[in-house]
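Indexing begins at 1, ligand by ligand and atom by atom, following the structure's order.
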Amino acid sequence: MPGSLAAFPAIIELPDHPTTRPPDYPTMMTTDRQRYEELKREIRYHNYRYYVLASPVISDAEYDRLMAELRRLEEAHPDWVTPDSPTQRAGAPPAEGFEKVRHPAPILSLANAFSREDLDAWLERIARLDARVREAAFVVEPKLDGLTVVLHYRDGVFVQGATRGDGVVGEDITTNLRTIRALPLRIPAAPDGPPPPPYVVVRGEALMLKADFQALNRRLEAAGEKTFANPRNAAAGSLRQLDPRVTASRPLTLQCYAIVAAEGEAPATEHGTLERLRAWGFPVVESHRCPDLDCVWRVYEDFAARREDLPYEIDGVVVKIDDLALQASLGVVGKDPRGAIAIKFPAQVVSTKLLDIRVNVGRTGVLTPYAVLEPVEIGGVVVERATLHNFDFIREKDIRIGDRVWVKRAGDVIPYIIGPVVEARSGEERPYEPPAVCPSCGEPVVHPEGEVAYYCVNAACPAQRVRNIEHFVSRGAMDIEGLGEKIVLQLAEAGLVEDAADLYYLKKEDLLPLEGFAEKKAENLLRAIEASKTRPLARLITALGIRGVGEVVAQLLAAHYPDLDALSRATVEELQQLEGIGPVVAENIVAWFRAPHNRQMLEKLRQAGVWPRQEDDTAPAEAAQPFAGKTFVITGTLSRPRNEVKAFIQAHGGKVTNSVSRKTDYLVVGENPGSKLAKAQALGVLTLSEEELYALAERA
Ligand code: IVH
């Protein structure tokens, strides 16, 4: 276990290895009431380590144990429960509407600059009002693309939280905000933090990390629910929920940057404010102190360069005069303070012509519309295609072919259409109707009542087949190197493969006539296909592409069924017994194995020798393996192909998943790591170099 608990001012001494602490510790010496207070302190400290410092010192399981103990005590003594108890984050029953809250001081907005000239002009303007600004220092922070929240603390306890509203009156979203783990319910949340004044109001930004946003959308999509267009909308939609239990299920986080009001003494500078907030245990924005605008501009450019790699979305930086009295003395223009300004990144929203709406057929037959655009540059990238989300979206926004449309590209997100420029219509635009037949196979489209999705249910649909083969050969599945989308399409169009099993019957003579296939390329491809025959059972199960069966469920199934024969005989009831498999997925699995064309494909796989068995994958004494029970994620380029490293981890009893979460034990970091590294750091997941990974296998 990393770190130490030394800094935690517990009354009780914690053992060095907290994992070994007996669950009933230490009831013999303390009263229930004392234990209750200790537990609250202890859990508050661990929340702070985890969500604010991103450096936990206990395991999830231990944390859960502490929470369970706290809940037990609260059940026995309901009158003890206070609003700052860590149990009070779970979310209350739905509300009728939001109450209004008057802010203690105006919640100001910011004027925008878009260039170095704008920035210089700003300084000139304010220097005419007060020449001292020429000597002033600045603080530069990222401009987070989230939602302003205003947090009230009375005697250190979080008592109320509001949205910005019109800047004077906001909406009371206290119950929803409580569910954000990064938000301290009591300050100081940090050990040895300074005592808070009797009343203080803190301003921050509630937001969703990019990776969490993507995972949320995947979850919503799998559940057939509407997805969010971007992390900001997801954060806003989650916070302005009348049902706090929904908010609690959404991965929101927080970054703070200002003290709006305080009784008693408050820091005199912006950087002092950030330091104070940090000392109280708030998550605080990254900041840079600059002596002049040259430095400010460098920081801006640095943020612009790092933008894509940051775990959250930003749309620029905020420049603030560090001396808060000077900043305030400059006054406000409308809602914008003169003493601060936002430098925005160049617009990532542009308008262009919508040439056509086309439809993509997914692996499971879901039809998804996408826009074909007159090519346009957005943030240095030429965009010709953009997502239209779903057919409801086109109807709701009344998007017509020939329309001028707003297109946005934001961070990692695929460019998407915001809506039409209605004023630009000439009258020649054509309204759009969802297709009645599948654009690939011509079979009628099915639109189940109450669902957003339209489906092609023809199992023999060529587009679905190609998507299925693409999935079969993809990285997380059979990982056949050199077999990308283009070649899959080529093979399908040449009539060489109808399903994935046909890949194992390809011969060199079949490939040579294909465009771009010389001797060597054909041999390499056949070798890669051959090599995939030894992939473990879990990989093959993933590769089958059963709806709801991703890598994690596949591993679960592979651990319970010795081979595909056994799995194909499983009943819905039996499958549901497995932890993590619900009725829908269980039904999907059974239905998949029942379908005649799937049975045929399985038979072809068996004949070709693609029939891994469980015992080939996992060594018998799993518990004795060094990585047993540990979950790994890999990012960046390693010295060996990623699938080999993955196999190494699996061979030592570990599990490898694709995305970093609280459940991840280790992130293996190669060269040029992706956004997973930032996510891991934010969550406090341990990182390992490739060498450290091998060493750990030896040592463990
Ligand atoms: S300071 C007087 N700092 O940007 C100071 N705002 O366009 C006013 N925002 O409504 C705001 N990150 O929601 C400040 N580091 C940051 C910020 C930030 C994001 C948002 C905030 C505000 C909007 C103004």
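A side-chain donor from one of Y50 and R662 sits under 3.5 Å from a side-chain acceptor of the other. Between the side chains of K40 and T82, at least one donor-acceptor pair of N or O atoms lies under 3.5 Å.
Protein heavy atom closest to atom 15 (N) of ligand 1, with residue, atom name and distance, is E141 OE1, 2.8 Å. From the protein, the heavy atom lying nearest to atom 12 (N) of ligand 1 is L144 N, 3.0 Å. Closest protein heavy atom to atom 14 (C) of ligand 1: Y257 CE1, 3.3 Å. For atom 2 (C) of ligand 1, the nearest non-hydrogen atom of the protein is P337 CG, 3.5 Å.
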For this session: List the steps, then state whether salt bridge (Lys or Arg N to Asp or Glu O under 4.0 Å) holds for R298 with D294.
Result: CA-CA 6 Å; R298 275 198 303 276; D294 284 340; 5.7 Å; no

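Taking every heavy atom of L108 and a limit of under 4.0 angstrom, the matching atoms of ligand 1 come to 8 (C). For ligand 1, the atoms closer than 4.0 angstrom to any heavy atom of R203 are 8 (C), 10 (O), 11 (C), 21 (C), 22 (C).
Evaluated by nearest non-hydrogen atom to atom 21 (C) of ligand 1, the leading choice among D315, V285, V284, T148 is T148. Ranked by closest heavy atom to atom 5 (C) of ligand 1, the top entry among I314, V319, L110 is L110. When the heavy atoms of R164, K320, K143 are ranked by distance to atom 3 (N) of ligand 1, first place goes to K320.
The residue A258 has no part lying near ligand 1, judged by heavy-atom distances below 4.0 Å. Contacts between E205 and ligand 1 below 4.0 angstrom, taking non-hydrogen atoms only, involve the side chain exclusively.
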I'd like a table of donor-acceptor pairs (distance under 3.5 Å, sequence neighbours excluded) in which one partner is a side-chain atom from residues 321-332, with atom names and distances.
{"residue": "D322", "atom": "OD1", "partner": "E270", "partner atom": "N", "Å": "3.0"}
{"residue": "D322", "atom": "OD1", "partner": "H271", "partner atom": "N", "Å": "2.9"}
{"residue": "D322", "atom": "OD1", "partner": "H271", "partner atom": "ND1", "Å": "3.3"}
{"residue": "D322", "atom": "OD2", "partner": "H271", "partner atom": "ND1", "Å": "2.7"}
{"residue": "D322", "atom": "OD2", "partner": "R289", "partner atom": "NE", "Å": "2.6"}
{"residue": "D322", "atom": "OD2", "partner": "R289", "partner atom": "NH2", "Å": "3.2"}
{"residue": "D323", "atom": "OD1", "partner": "A325", "partner atom": "N", "Å": "3.0"}
{"residue": "D323", "atom": "OD1", "partner": "L326", "partner atom": "N", "Å": "3.1"}
{"residue": "Q327", "atom": "NE2", "partner": "I321", "partner atom": "O", "Å": "2.9"}
{"residue": "S329", "atom": "OG", "partner": "L326", "partner atom": "O", "Å": "2.8"}

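Between E171 and R164, no side-chain nitrogen of the basic residue sits less than 4.0 Å from a carboxylate oxygen of the acidic one, so the salt-bridge criterion is not met.
For P142, the closest heavy-atom approach to ligand 1 falls below 4.0 Å.
Remark: E396 CD is packed, more than 12 non-hydrogen atoms of other residues, nucleotides or ligands lying under 6.0 Å away.
In this structure the side chain of E141 reaches within 4.5 angstrom of the side chain of L274, judged on heavy atoms.
Relative ring orientation between Y153 and F282 is described as perpendicular, the plane-to-plane angle rising above 60° on a 0-90° scale split at 30° and 60°.
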